[in-house]
Structure formats: structure tokens, C-alpha cells
Amino acid sequence: MKTSLLAHAGRVWLALILFFLYAPILVMAAMSLNASPFYQLPFKFTTEWYEEMAGNEQIIAAAIRSVLIACVTTVIATALGTCASVALFRYDFKGKRLLQVLLFPPIAIPWLITGTAMLIFFFFIGIGRGTPAVIVGHVALALPYVIVTVTARLSSFDIALEEAARSLGADSWTVLRRVTLPWISPGIVAGGLFAFAVSFDQFVVSYFLSEPGDSTLPVMIYTAIRKGFTPEINAISTIIITLSMGIMFLATRKAKFGGEH
Amino acid sequence: MSLVDVQNVTKKFGHTTALDNVSITFDNGGFFGLLGPSGSGKTTLLRTIAGFYYPESGSILIGDRNVEKIPVEKRDIGMMFQSYALFPNMSVADNVGFGLRVRKVPAVEEKRRINEALELVQLQALADRRPSQLSGGQRQRVALARAIVTNPKVLLLDEPLSALDKSLRVDMQIELKRIQREVGITTIFVTHDQEEALTLSDRIGILKAGRIIQAGTPREVYDRPVDAFAAGFLGEANWLPQQLLDGLTLPGEKQSHRFAVRPEMLTMSDAAVDGRNSVRGKLVQRVFAGALATCLIEVKGEQWKLIARDRDLPDFAGEGDVWLNWAPEDTIRVPA
Ligand SMILES: Nc1ncnc2c1ncn2[C@@H]1O[C@H](COP(=O)(O)OP(=O)(O)O)[C@@H](O)[C@H]1O
Ligand SMILES: [Mg+2]
């Protein structure tokens, strides 16, 4: 009896969590399709706001910039992160443990702090603000995610596979390409998706590091909201959320958290 | 003619000396078993020959080539791993063909050689399967086919059968021996199982604490162990208590030596037998096990074991005083 009561309470709790997480999103998505610009009911379906959004050059430009930055970030972070994971897996060196431990705090540090620190640092070393600074910042934020996902995948890799390949005459490059990479590729894809999502959804760091003229989509939305809500913001936000959730869904499936094979 | 020649090889891991000035020669076409307790350096020796470890000092010859500074991939060896290490993302045929593709063997020849190798291990029917769809014994055979398809100079096996259950292990031993004979490949294998070593090997080497203490044919090592450890490790030994040595016919000087007899060399009687060495003991237990029987006898505080055909043993009433007899030339003598 007691356990079933507990299980029941648990279910209610979970339902509440899901409700408070998704209800605002669903309302926003609904309002992006509602004819009234003042969120008035009854609901009257329209695609007007999506059409208006598609005609808004500022939004489109920001969206393209966001996607491009996210793509560049993904490529760089995935490549660097994978190399780092393989190196951490394969080689023993002084300070390896420390390095591995140091990878985690950036995930937990508030982005506001990270963003401020980066802004100061980039001015200090002369990169300043602008798209290159944004990309460097995003790569730094995304790297730990890639390393963590690829390392998780590598931890189930049997090192004897590499040894077997070498005993059969394969040089290091062939071993990497034919044996190691195929094994960790789900981890790499998942890490890449995480990197994309981290960059695409990034507000604080982008806000601090971008120049006024070329802001990313989240920054542009924030600026627009400060001037006043419009249903087109709902429209673009709905698109972003759908895209981000899709990516996260794929990433967690690829990373196979908890499961194996 | 020697194919692999290890000379004065020392290999250390930090402060552990895993191989201590090891010298050993492996003959061309032979089946060589490396035997020793856990931690004696068997794996290290095999992996040093393979090239996964570089020795601190000494030389290793494979064929007429000095390889001690050459990496694994250039040594032209075949190796089978305890976990089989089959590539999970490749079919059986692709696994077997891996070494051929790396060597850029033409496609037609590659296909032919994969087929030959699979035929040798009787797995042609499973060429398109994934390793995950195979049983333990089948994986084993794929691993073997993959290791020999490139015609390596030497085949290295580290406890190849230890992951299999007993009956499959015996089948695989026979299979392994057949394939090795058929291909004629020089084979070095590691085991801690003395029975396996005796079944498979033409020659064996016994390792202890990073040193080869004896190498020879199984017969030589069994009949003439060089020390007490070798005598006890390969087969069982009944040690003669010091106070009984007088009055026995011994093969050589008693001074600073120990003497032993193998359990199957003993006979049991109710009186000493002329012309044989005899000692008195107390029969503690007699265990009937089908064709053979094992008797435990206490001889001056030492536990002795006798193994004989059950029907050859006299019918003593359970426990009591008995005489144990053996031919003087069957006495083993090792330095104390
Ligand atoms: N990679 C390694 N790093 C450190 N010590 C090792 C390593 N491999 C083996 N050793 C040590 O070397 C000795 C011999 O080990 P090994 O060759 O594995 O023995 P065996 O195969 O006979 O059980 C052991 O003391 C072991 O702890
Ligand atoms: Mg071992």
C-alpha cells in the first residue's frame, strides 16, 4: 500500500514538472498560430505571424548567422573534443586526472559569469567583440559536452581491438579510421548535436561577445522583446524550440545514456 | 632452425621487473607453450615478442630480422586475444580480411584467401554474420582465421582458450593443434593450465618471477625438472623426507639436493619390494574415480599421492600401514 501511494505521488509530481515545463511552451506555440496580436481568445487559426516573420529581414539574417555560427562551432568543438577524448583515453600523462576533473566545472558555472570572464579576457588579449569572439566562446562552452559524450562512449571500447588491428599490420591512422572511430561515432554525433544545441541556444555569451550589428537569433529576440512583444517572436521562438528539442532528442538517443549496444 | 630468438631481454614496469634477462629460442614450425603461475611474466614475454612492449635491454630476432625496436604493425605477426577482439562493426569475412586489406592484397586474391581461412576453421557458412551473432567457440575460430590469413611468421596466443568452458576447451585444443599442423605456422602460446600445455606443445618453457627456469620437450621437463618449482608446477611431486634418504638408491649425490617421485610411478604393497625403493606410510584415503584411483598416504609427516589403475591396487582394508615402492631411476633429483 505504502509503495503504491509513493508511486502515485511520484507520478503526480512528474506530471506537475512536465506541466510547468511544457505548458508555457505549448501556450506560446498556440499563440504563434492565434490571429489576435494581444493573445485574445477565442483561438482563431492563422499563419500570419509566420509569414510576417519570414518577411522580417532582421530575423532571417540573425537566424542564418545563428545557424552558421552553430555549424562552425559544432565542427570545431567536435573535432577538438574527439581528439582530446581519444588522447585522454589512449595516453597516460602527468596531470591527466586533473585535466579530466577540470573539464566539468565549466558545465556548472553560470553562463553570466563565463560570459563576463570571456569578455574581459578577449579584450585583454585583443580579440575584442565580434563573430570570431562569439565562435571562440561557443567552442569553449561546447567542448566539455563533446568530451564527456565521446569519453563515455570510449569507456566501453575494448583496447584489444586497437591492438588486434595493429597486430594485423594497420598503422595508427588506419586503426583510428577503421576501428576506433566507427566505434565512437555515435558518441561523436551526439557530442556534435550537443555542441550545436549549446551554440544555437546560447544567449548570455553571445550577447556579451557579439557586436550590435550582427547579433545571433536569441540576442535579437531579446532585443525585440524589450521593445514590445509581437506574435512573430512567438513564431520564431516556436521554431527554435522545436529545432532544439529535436536535436537534444537525437543527441540523447545517439549517446545511449544508460544503455549499451 | 630457430625462428624467434629472444636474447637477454629485460622488461620493467616502474619498479617491477616483469622479464629478468630472459633468453629463449622458438623453433620454426613448432608449437611452444609458455607456462607459469599468474604474474610470472608470460603475457609480458608474449607482448614483447609481438611488439606491444619494447624491452629495456636485449634483442629479439624474428626470422633473420632484429625487431626489438620495430613496432607491432611492422613485425608480421599474428595474434589472438583473450577477448577475441573481433571488430564489432565488420562481418566475419571483413574481420578475417582486415589484415589483407591493410596489406593492399588484390580483391580477388583477398576473397580467395578469406575463403581458404574460413574453410580451415570450418566457418564458411557464417561469413556474412556479425561477431555478435556467433557463439564463443565460433568467435574463437574467426579470431584464429584472422590471425593466420596473412601468413604471419609467428602466431602468438595469450591464454586463447581460457574463456571457454571445459568441454569446448578440449575440442578447441584439438582443433588448434590440427590447424597449426596443417598450416605449419610457428606458434607460441601462453597458459597457466599445465594439462593444456602438455596436450598442445612440442616444447614448453616454464616461467617464474620473470625468468625462464626451464625449457624443453614436455617429457624432458616432466621427467627431469631442474628445480623444485618446475617439479611441482608441471605434474605433481611427492617429496622424500630427509630422514628416509639413507637406505634408498638415489640418482646422484644427496648433499644439498631434494628428491621426489611422481604419483603414477608408485606401487603400493604390504611389504617392501626387492630391487625397488620402498618407504613406509599410512594410507589415509583411497578415492575411486572410474579407471583410476587416487590414494593419499602420510609418509613421515609429508602428504603423498599415488595414482594407479584401481584394479592394480591391493585390497587393503581402508586405512593402515602400507609400503610405497618405485624404481630407483624414477627418482627426481633437484637442487635444494
Ligand atoms: N602494463 C603493466 N603495467 C605495470 N605492471 C605490469 C604491466 N603488465 C604486467 N605487469 C606486471 O608484470 C608482472 C608480470 O605480469 P604478466 O606478464 O601479466 O604475468 P602473467 O601473464 O604471467 O600473469 C606482474 O608483476 C605484473 O603486475
Ligand atoms: Mg597473463
Side-chain angles (χ1 to χ4, degrees), chain A residues 78 82 85-98 149-192 250 253-261, chain B residues 13-14 43 46-47 49-53 70-90 94-105 114 117 130-133 139 142-160 163:
Chain A
T78 310
T82 304
S85 307
V86 171
L88 284 172
F89 175 70
R90 226 186 245 182
Y91 306 107
D92 267 317
F93 50 88
K94 247 195 163 130
K96 172 170 159 173
R97 293 280 309 156
L98 182 69
T149 4
V150 176
T151 300
R153 181 71 191 160
L154 267 175
S155 67
S156 61
F157 179 72
D158 180 5
I159 193 77
L161 290 177
E162 287 195 348
E163 293 178 345
R166 289 182 65 198
S167 76
L168 291 165
D171 56 31
S172 332
W173 169 239
T174 312
V175 172
L176 189 67
R177 195 168 50 88
R178 300 280 301 281
V179 177
T180 320
L181 283 182
W183 175 266
I184 58 175
S185 61
I188 296 174
V189 173
L250 278 181
R253 284 229 350 207
K254 271 283 174 198
K256 293 180 181 148
F257 290 121
E260 198 28 61
H261 295 297
Chain B
F13 295 108
T43 298
L46 202 73
R47 290 173 66 88
I49 295 170
F52 290 113
Y53 300 144
I70 293 178
V72 183
E73 57 268 26
K74 301 218 173 77
R75 285 198 189 184
D76 198 12
I77 53 137
M79 185 145 179
M80 232 171 92
F81 294 79
Q82 229 168 335
S83 63
Y84 312 138
L86 299 179
F87 307 125
N89 56 321
M90 299 179 200
D94 285 344
N95 262 283
V96 175
F98 187 91
L100 299 173
R101 279 196 302 286
V102 167
R103 285 169 174 72
K104 304 205 161 53
V105 170
I114 292 174
R130 293 270 156 161
S132 57
Q133 297 168 307
R139 286 178 203 189
V142 176
L144 182 60
R146 183 179 69 176
I148 59 180
V149 74
T150 56
N151 292 327
K153 292 218 171 62
V154 54
L155 176 64
L156 305 170
L157 315 166
D158 191 355
E159 312 224 1

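Residue numbering restarts at 1 for every chain, and letters A, B, ... go by the order of the sequence lines. Remember, predicted model here, so these are calculated numbers, not experimental data.
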Any chance you could measure [X], atom [atom1], to [Y], atom [atom2], to the nearest 0.5 Å?
{"X": "B/F52", "Y": "A/S167", "atom1": "CZ", "atom2": "OG", "result": "5.5 Å"}
{"X": "A/S172", "Y": "B/E73", "atom1": "OG", "atom2": "CD", "result": "6.0 Å"}
{"X": "A/L161", "Y": "B/Y84", "atom1": "CG", "atom2": "OH", "result": "14.0 Å"}
{"X": "A/D158", "Y": "B/Q82", "atom1": "CG", "atom2": "CD", "result": "11.0 Å"}

Region of [X] that comes under 4.5 Å of a non-hydrogen atom in chain A:
{"X": "B/R47", "value": "side chain"}
{"X": "B/L100", "value": "neither"}
{"X": "B/M80", "value": "neither"}

A/Y91, OH: over 12 other non-hydrogen atoms inside 6.0 angstrom: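 No, not enclosed.
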A/K96 NZ: over 12 foreign heavy atoms closer than 6.0 Å: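 Enclosed.
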Non-hydrogen side-chain atoms of B/M79 and A/E163 separated by less than 4.5 Å: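 Result no, sub-4.5 Å side-chain heavy-atom pair not found.
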Sub-4.5 Å side-chain heavy-atom contact between A/V179 and B/F87: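 Yes; the side chains approach each other to less than 4.5 Å.
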Backbone of B/V102 reached by a side-chain donor or acceptor of A/R178 within 3.5 Å: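 Pair absent, no side-chain N/O of A/R178 close to backbone of B/V102.
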Nearest atoms (heavy-atom pairs only) where B/R103 meets A/L168: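 Heavy-atom minimum between the residues: NH1-O, 2.6 Å.
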Taking every non-hydrogen atom, the tightest pair across B/A85 and A/A160: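 Minimum heavy-atom separation between B/A85 and A/A160: CB-O, 3.6 Å.
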